[in-house]
Number of protein chains: 2
Amino acid sequence: MTVTIYDVAREANVSMATVSRVVNGNPNVKPVTRKKVLNTIQELGYRPNAVARGLASKKTTTVGAIIPDISSIFFAELARGIEDIATMYKYNIILSNSDQNKDKELQLINAMLEKQVDGILFMGGDITDEHVNQFQSSSVPVVLAATYDETNSIPSVNIDYEAAAYEATSFLLDKGNKKMGFISGVDDTLINKEKYNGYVRAFKEKSLSLNEDHILTGDYSYDSGIEAVNQLLAMDDVPTAVFVASDEMALGVIHGAQDKGYKIPDDIEVFGFDNTRLATMVRPTLSTIVQPMYDIGAVAMRLLTKYMNKEEVEEKKVVLPHRIVERTSTK
Amino acid sequence: MTVTIYDVAREANVSMATVSRVVNGNPNVKPVTRKKVLNTIQELGYRPNAVARGLASKKTTTVGAIIPDISSIFFAELARGIEDIATMYKYNIILSNSDQNKDKELQLINAMLEKQVDGILFMGGDITDEHVNQFQSSSVPVVLAATYDETNSIPSVNIDYEAAAYEATSFLLDKGNKKMGFISGVDDTLINKEKYNGYVRAFKEKSLSLNEDHILTGDYSYDSGIEAVNQLLAMDDVPTAVFVASDEMALGVIHGAQDKGYKIPDDIEVFGFDNTRLATMVRPTLSTIVQPMYDIGAVAMRLLTKYMNKEEVEEKKVVLPHRIVERTSTK
DNA sequence: ATGAAAGCGCTAACAA
DNA sequence: TTGTTAGCGCTTTCAT
């Protein structure tokens, strides 16, 4: 029923090896033969079976991507970068959501390995020894995107979160804000710790004292931003500036404050992180750290292709540049 | 090097058939044998090769998903619904972006067919004959999600766009708005035409005359919303209410109007479409049509599993309910 | 430039 | 309950 390479060979009076050659663009085929084969491929409507090819060649030209949540604006943008470069290099992506759940992550890695992916792109919280073990239980290359690996044993693409947080905090401090708040993300991830470190360093270097009470935790969501700012506003000494670990939470902070009658940035300056599309979809528009999500995904995928081709890789830990974009949520 | 089913069989002193049975949970295995096999699987670190299995069984337990743009909030949410149900039924998803480009779509369908996916989930603009042909060039089931198929030849999951637009328009009209605007999406897609039809019908049923000049077109983006509202505001008779074909554009409309000093909803009422998370991430919050994106994805995937299992399907064209949610962008 | 043939690792009859 | 065997559709030496 389905037409195979063998059918084509028979119809074209050549061997299946020859058909395979023309399908794969092998130059060792006489032009006339090639044409003949191409014709009967057309006639029969032959479509190569990638599964059979994968079994024979031990290459599937598909890579696995493990992502916390594709419906998050941040990761969706990252995924787009991955996908575009993957397409460029003729790879397909098997995409799965992990919700940053470690067991799920481990299980997904295994499932992708079973499917014989040629490589894995991993986005998540932290990389534990178990992750590393799981990765090494097969020899396919792995690249981390926007994900921290404390041991530095796995190639990765990130920005310098500590420096970014430091700069954002300094920016706010330099404007004369004495009382500052920080809405951090879920606090047990390394990336979040880096942001915290940067925040602290800015105070330290300016010999300013930092109020730990003004450091709150959210889950990166809009609602948690509203919640956090409400807590801040209920305090005796309301901060005049807030650095927020994600844009979406920052929107929550802005609206939460506005809903209580505070003026942004006059009463409170708000600074975000990521520069997702949300940053300009709010009034006042959000000053934030530009983290090139799309590029992180794209570079990570590109890096992975190099590993998959066994090319020489100059730097295994890529740190992409970040910068501050000043908009109207800060003075 | 890689351990195969054969290695396990040898080590466990059974045939590969038995190992296969154990791996696939076939009950016809003596518990003792099963245990023995399971043990040596553990010892050897055997991992089943899904590609080989796919070749032998002609099932890959992966489905292809063709989506216009994963970085769009709307589609990302849809994709999450698809993914969750796919996981539930042990399927993996090969995800690709089409940018609604027909050639790309056709090519992606082909690529997925080559990879022997067990089914295809398609999201896009319209379904042309070429699409249908391409789909039928293989016998794998296809389900459309949030995508219009004029011929109704392919199973699909949608809401009633015409009715939704009709209700939104009526809602605004019933409030006494005489001059209304409509910011539509790219106008050559069927879904968009449905929305237009609903808009028109609302006027007709109320015997109100509709001003075609107040119907503008955007590309669903925030910026195009700003642009469109600026055009509206430049007119002699500025409308007092605007129905916008997507939430993101609606945010643009709100901010564009606010930036020019208009009060929402006092001067202009704004009504969106989709009820993406954006709808509550703006001030005033957006009244909109609730389109259950996640559910559309989930239901579409569920439907696809039925077709893949050759189960009986009661309704091939699923129309999910929609509703209006009134927030503060309308009076 | 072309063909023959041996797998790739597994499933699924069919036997036993 | 277990084993034998013939493919699944292709790639890839190795000959010719």
Side-chain angles (χ1 to χ4, degrees), chain A residues 1-38 40-41 44-62 90 111 113-118 138-140, chain B residues 1-38 40-41 44-62 90 111 113-118 138-140:
Chain A
M1 199 198 55
T2 52
V3 11
T4 72
I5 201 172
Y6 187 77
D7 299 321
V8 176
R10 187 168 23 74
E11 286 299 309
N13 287 312
V14 295
S15 70
M16 42 187 297
T18 299
V19 178
S20 175
R21 286 191 188 96
V22 342
V23 168
N24 294 296
N26 183 317
N28 288 353
V29 181
K30 220 197 299 183
V32 192
T33 318
R34 177 185 309 281
K35 192 149 197 177
K36 187 174 55 178
V37 171
L38 249 17
T40 93
I41 284 181
L44 302 187
Y46 167 69
R47 180 165 21 222
N49 181 325
V51 171
R53 171 183 291 160
L55 182 58
S57 69
K58 295 175 166 297
K59 288 209 171 78
T60 55
T61 61
T62 106
K90 313 278 187 205
L113 258 16
E114 284 193 0
K115 296 248 165 154
Q116 312 300 119
V117 294
D118 293 338
S138 140
S139 54
V140 313
Chain B
M1 198 197 55
T2 52
V3 12
T4 73
I5 202 173
Y6 187 76
D7 299 321
V8 176
R10 188 168 22 74
E11 287 299 309
N13 288 312
V14 295
S15 72
M16 43 187 299
T18 299
V19 179
S20 174
R21 288 191 187 96
V22 171
V23 168
N24 294 297
N26 184 317
N28 289 354
V29 181
K30 220 195 304 182
V32 192
T33 319
R34 179 186 306 283
K35 191 149 197 177
K36 187 172 57 176
V37 172
L38 250 16
T40 93
I41 283 181
L44 302 187
Y46 167 68
R47 178 161 26 219
N49 181 325
V51 171
R53 171 182 292 159
L55 182 57
S57 69
K58 296 178 167 295
K59 286 208 172 79
T60 54
T61 62
T62 106
K90 314 278 187 205
L113 258 17
E114 284 193 0
K115 297 248 164 153
Q116 312 300 119
V117 294
D118 294 338
S138 138
S139 54
V140 313

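In what follows, chains are A, B, ... by sequence order, proteins preceding strands, each numbered from 1. The structure presented is a predicted model; accordingly, all values stated were derived computationally and were not measured.
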Under 4.0 Å protein heavy-atom contacts per nucleotide of nucleotides 4-16 of chain C, with B for base, S for backbone only and - for none: B--BBBBBBB---
First and last nucleotide of DNA chain D, 5' to 3', lying under 4.0 Å from heavy atoms of chain A: D:dG9 to D:dT12
Whether A:Lys58 side chain and A:Gln116 backbone form a donor-acceptor pair below 3.5 Å: no
If I compare all heavy atoms of [X] with all of [Y], which pair ends up nearest, and what's the gap?
X: B:Arg47; Y: A:Ser138; value: NH2-CB, 3.8 Å
X: A:Val51; Y: B:Leu55; value: CG1-N, 3.5 Å
X: B:Tyr46; Y: B:Val3; value: CD1-O, 3.3 Å
X: A:Ala52; Y: A:Asn49; value: N-OD1, 3.0 Å
X: A:Val29; Y: A:Asn26; value: CG2-O, 3.6 Å

side-chain N/O A:Thr18 vs C:dG3 OP1/OP2, d < 4.0 Å: yes
Contact check, side chains of A:Val19 and A:Thr40, non-hydrogen atoms, under 4.5 Å: no
Validation row: A:Arg53, A:Asn24 side chains within 4.5 angstrom (heavy atoms): yes
Angle by which the axis turns from one end of the helix from C:dA1-D:dT16 to C:dA16-D:dT1 to the other, five pairs per end, to 10 degrees: 30°
Evaluation steps, side chain to side chain contact (heavy atoms under 4.5 Å, CB included), between A:Val22 and A:Ile41: CA-CA 10 Å; A:Val22 342; A:Ile41 284 181; 4.3 Å; yes
Nearest-0.5 Å distance that lies between atom CD1 in A:Ile5 and atom CE in A:Met16: 5.5 Å
